Protein chains: 4
Amino acid sequence: MGVQERRARERAARKETILDAARALLLEQGFTGTTTKQIAEHCELSEATVFFYFKSKDEIFISLLFEGIEFWCHGLEKIAGLDLTPEDTLARIWKFFGQVHTEHPEYYQLSAFLARPRSTTDVSDEVRTDIIQLSGKNFQKLADILENALGKGEGRVAADLLWASFLGLTLVRESRINLGAPRHPTDRDMNRIIKLITHGLLSDTNNGERT
Amino acid sequence: MGVQERRARERAARKETILDAARALLLEQGFTGTTTKQIAEHCELSEATVFFYFKSKDEIFISLLFEGIEFWCHGLEKIAGLDLTPEDTLARIWKFFGQVHTEHPEYYQLSAFLARPRSTTDVSDEVRTDIIQLSGKNFQKLADILENALGKGEGRVAADLLWASFLGLTLVRESRINLGAPRHPTDRDMNRIIKLITHGLLSDTNNGERT
Amino acid sequence: MGVQERRARERAARKETILDAARALLLEQGFTGTTTKQIAEHCELSEATVFFYFKSKDEIFISLLFEGIEFWCHGLEKIAGLDLTPEDTLARIWKFFGQVHTEHPEYYQLSAFLARPRSTTDVSDEVRTDIIQLSGKNFQKLADILENALGKGEGRVAADLLWASFLGLTLVRESRINLGAPRHPTDRDMNRIIKLITHGLLSDTNNGERT
Amino acid sequence: MGVQERRARERAARKETILDAARALLLEQGFTGTTTKQIAEHCELSEATVFFYFKSKDEIFISLLFEGIEFWCHGLEKIAGLDLTPEDTLARIWKFFGQVHTEHPEYYQLSAFLARPRSTTDVSDEVRTDIIQLSGKNFQKLADILENALGKGEGRVAADLLWASFLGLTLVRESRINLGAPRHPTDRDMNRIIKLITHGLLSDTNNGERT
DNA sequence: GATGAATGAGTATTCATTCAT
DNA sequence: GATGAATGAATACTCATTCAT
């Protein structure tokens, strides 16, 4: 028994090692830009061993994605359980986004991977459905939290705004050549921005459907 | 002379054809995912001809980037020349972002391309500097426009917020599998969001440096 | 024009070079045993060049097969046009089988290739249908020739017997380790055998359906 | 001792399991087309275990071959012991060939395997010699039986003819795409053919060495 | 005995790029 | 100018085999 347990633990550890390598490389080079050889070298294993643990390159990145989705799920559940003022709720969410970015920085890139249109070895429909469903649930949870905090049926739009802003800022911040600002947004900038958004969301009394 | 002129025109036209093909493919498949063969087929030329007009694959995408930067430059200059209320300025900028996305949708993707760290045929330092400088100027122009409209030294932060929000929303909107919301933000959502941002930026009186 | 013609000729010649290499290797090592690298080395081209002329490994071997089928077709047509005694007809056919074996010795092996059950990049249904149809026509032609010579509705069975005997003898003759006889059948043996078969077919008066 | 015996029996049984799997796969996919992983999966063992019982992939197929050779040997001895008319002898041999094909259908394919010229882990010379010797003995036995039945020094040629015809017919019959006849030879066809051959062999009075 | 893990050497195929015509 | 032909270096993935437990 002890043997089997240890084996399972070791196996899990190796898998995680491989995922860590893939994560790092994905961030720097994107999906097509990352090769299985690089991944293997990065974790000092032979390519064949990588394929012993994962059936294909795709499977590696899908595993990464599921890890990210789960991280989201836990984080949002924790926030939902807290009892905070609207302002603090927004701040807390923003902070959580930062954590996602710290611990699963590849999460943003993965959407690009899944967006590939006609790739050959494409993700199976089953997996695709799982991803969509789980992601959808996560987003709904975020919208619910915001709806609770803000009321006014703005939860969904607020979720869009927060999530997209953070995503955009993150991308800008990470790219080595900044196509926009001559310096990347700092943490202070980020704080300033969430305050502006908060302000917009909270003081927004006279909204409505005047498209 | 007339002959030379015509030649130059034809040459420019051919180059544009190639760039159009590259643009379309870049959007669907990313930089590493797009092959020179695909580009050649897409514009019904031989690969060798593509390489006659552009020294390398990288050069094609860099040209694309410069086109985008120029588009930005013109657009922002036009906006700077207008005399609008703060609210309308924000709306106008948001609308312009939409135009960038319509006519140079690849612009967002290109940052990923430039972010590659150790690519072999890497962009020359000279080119890199050009890109940074021109992009920086553009961003500064945006910040100036916003500073004029809002005052309070918030131009730079406002520029970050607007640009990042739009970038994030765009990415979310374009990805085929939505990792966030179960449905992609609509134009209506986009409008709603710029209103929220506007609100935040304009009514934000008691801001300051209380991180 | 001259240029294009020459190009076409050169192209055809190169293709034939590759096919020759493939033919030789197929005979020695079978389909899965023959690698594209070997083929390339054998005709002193790079692997990439081989793939420039043929879309895939499969395509190479299918081309080989079609060459063989065509060779059959021509040969049988010629025989059908002759006016020979039954005995000479059989001898002529047997001799033709020998020619097939000399000039397209791989033809026999190719059936094994096509027999592969669940191969991934399998032959397209279209191609498969072509092969079956053309081969079937060839066989029918053989059966017709034999029916003309022998009468008695034995054409089909005679065709089976001749063809299978020759195929079997050829395989036995080519294998390096003989699983049967301690020496391989010689040309003299082959002649002796066709005489025996001829005898059986011609003197066979009291046949019938007494299974 | 009882323990040792049981062990030996179990060991033999395991080996046979592996050989059965290899046999089945060999038939469908050929030697190079069959992988040790497939063999292991087919008999629900780990690959490592397969390699515990057999030193190499080659050894597995060689064992298969020796089984076939032994089957031949027993079968021919039995026939040699019978006292039959020439006609019945031929029929009996033909029937035996059918049994070989039923119980050791891979036997035919194995010649191809052994024919490989420069395979890396090639069969040792010792083994090769064994195979040749044993096969040779078998064939000689067949020739002797036929010589006894037919006289006239035709035993060897008759053996060639019978064996090759059957081999050829079998191959044609098994291939999924028939390169020859539009339908595969049936049992009835097979019977018809042995009658023709019999006829040829028995009534052949005026033969001789007039090549 | 049995097996999970590990790997060096392949395996078909693709890619960006060059060059002679 | 334009292109068919050619290729070295990759690229994802497989294979037979070994070894520690």
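Any value given below was found using the heavy atoms of this structure, including those in side chains, with hydrogens, waters and symmetry copies removed. So you know, we letter chains A, B, ... as the sequences are listed, proteins then strands, and number each from 1. Every value quoted in this text rests on a predicted model; they were computed, and no experiment measured them.
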Could you say whether A:Thr49 or C:Thr34 is positioned toward the 5' end of DNA chain E, judged by the nucleotide with the nearest heavy atom to each?
A:Thr49

By nearest nucleotide on DNA chain E, pick out whichever of C:Glu47 and D:Ala48 is the more 5' one.
D:Ala48

Distance, rounded to the nearest Å, where [X] contributes [atom1] and [N] contributes [atom2]:
X       : N      : atom1 : atom2 : value
B:Glu59 : E:dT17 : CD    : P     : 10 Å
A:Glu10 : E:dA5  : CD    : C1'   : 10 Å
D:Phe54 : E:dA2  : CZ    : P     : 13 Å
D:Lys57 : F:dT14 : NZ    : C1'   : 12 Å
A:Glu5  : E:dG4  : CD    : C1'   : 17 Å
A:Lys37 : E:dG10 : NZ    : P     : 15 Å
A:Asp58 : F:dT11 : CG    : C1'   : 13 Å
C:Ile60 : E:dT11 : CD1   : C1'   : 13 Å

Determine, step by step, whether B:Glu67 and B:Glu16 satisfy the side-chain contact (heavy atoms from CB on, under 4.5 Å) criterion, reporting the C-alpha distance in whole Å, the side-chain angles of both residues, the deciding distance to 0.1 Å, and the verdict.
CA-CA 10 Å; B:Glu67 281 195 1; B:Glu16 203 52 48; 2.8 Å; yes

Output yes when at least one side-chain N/O atom of [X] is less than 4.0 Å from OP1 or OP2 of [N], else no.
X       : N      : result
B:Thr36 : E:dA16 : yes
D:Tyr53 : E:dG1  : no
C:Ser46 : F:dA6  : no
C:Arg14 : F:dA6  : yes

Measure the shortest side-chain to side-chain distance between A:Ile69 and A:Tyr107 over non-hydrogen atoms and say whether it is less than 4.5 angstrom.
yes

Select one nucleotide: of E:dG1, E:dT18, E:dA6, the one nearest the side-chain heavy atoms of A:Phe52.
E:dA6

As a test of reading the structure: which of F:dA12, E:dT3, E:dG1 is closest to the side chain of D:Arg11, going by heavy atoms?
E:dG1

Quick one: does [X]'s side chain have a donor or acceptor within less than 3.5 Å of a partner on [Y]'s backbone?
X       : Y       : result
C:Thr34 : C:Leu25 : yes
C:Lys57 : C:Phe31 : yes
D:Ser56 : D:Glu59 : yes

Gap separating the CZ atom of B:Phe54 from the OG1 atom of B:Thr36, nearest 0.5 angstrom
13.0 Å

Return the OG1 to CD1 distance between B:Thr17 and B:Ile39, rounded to the nearest 0.5 Å.
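So the OG1 of B:Thr17 and the CD1 of B:Ile39 are separated by 12.5 Å.
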
Starting from the 5' end of DNA chain F, give me the residue, C:Arg7 or D:Lys55, whose nearest nucleotide shows up first.
C:Arg7

5' precedence on DNA chain F between D:Phe51 and C:Glu44 (nearest-nucleotide basis)
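Of the two residues, C:Glu44 wins.
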
Just call it for D:Thr35: base, sugar-phosphate, or nothing, with non-hydrogen atoms closer than 4.0 Å on any strand.
sugar-phosphate

Expected output check: what is the dot-bracket annotation of DNA chain F, where ( ) and [ ] are pairs inside the strand (brackets for crossing ones), | is paired with another strand, and pairs are Watson-Crick or G-U under 3.5 Å?
.||||||||||||||||||||

Other residues, nucleotides and ligands only: do more than 12 of their heavy atoms fall within 6.0 Å of CD on D:Glu10?
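For D:Glu10, atom CD is crowded (more than 12 foreign heavy atoms under 6.0 Å).
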
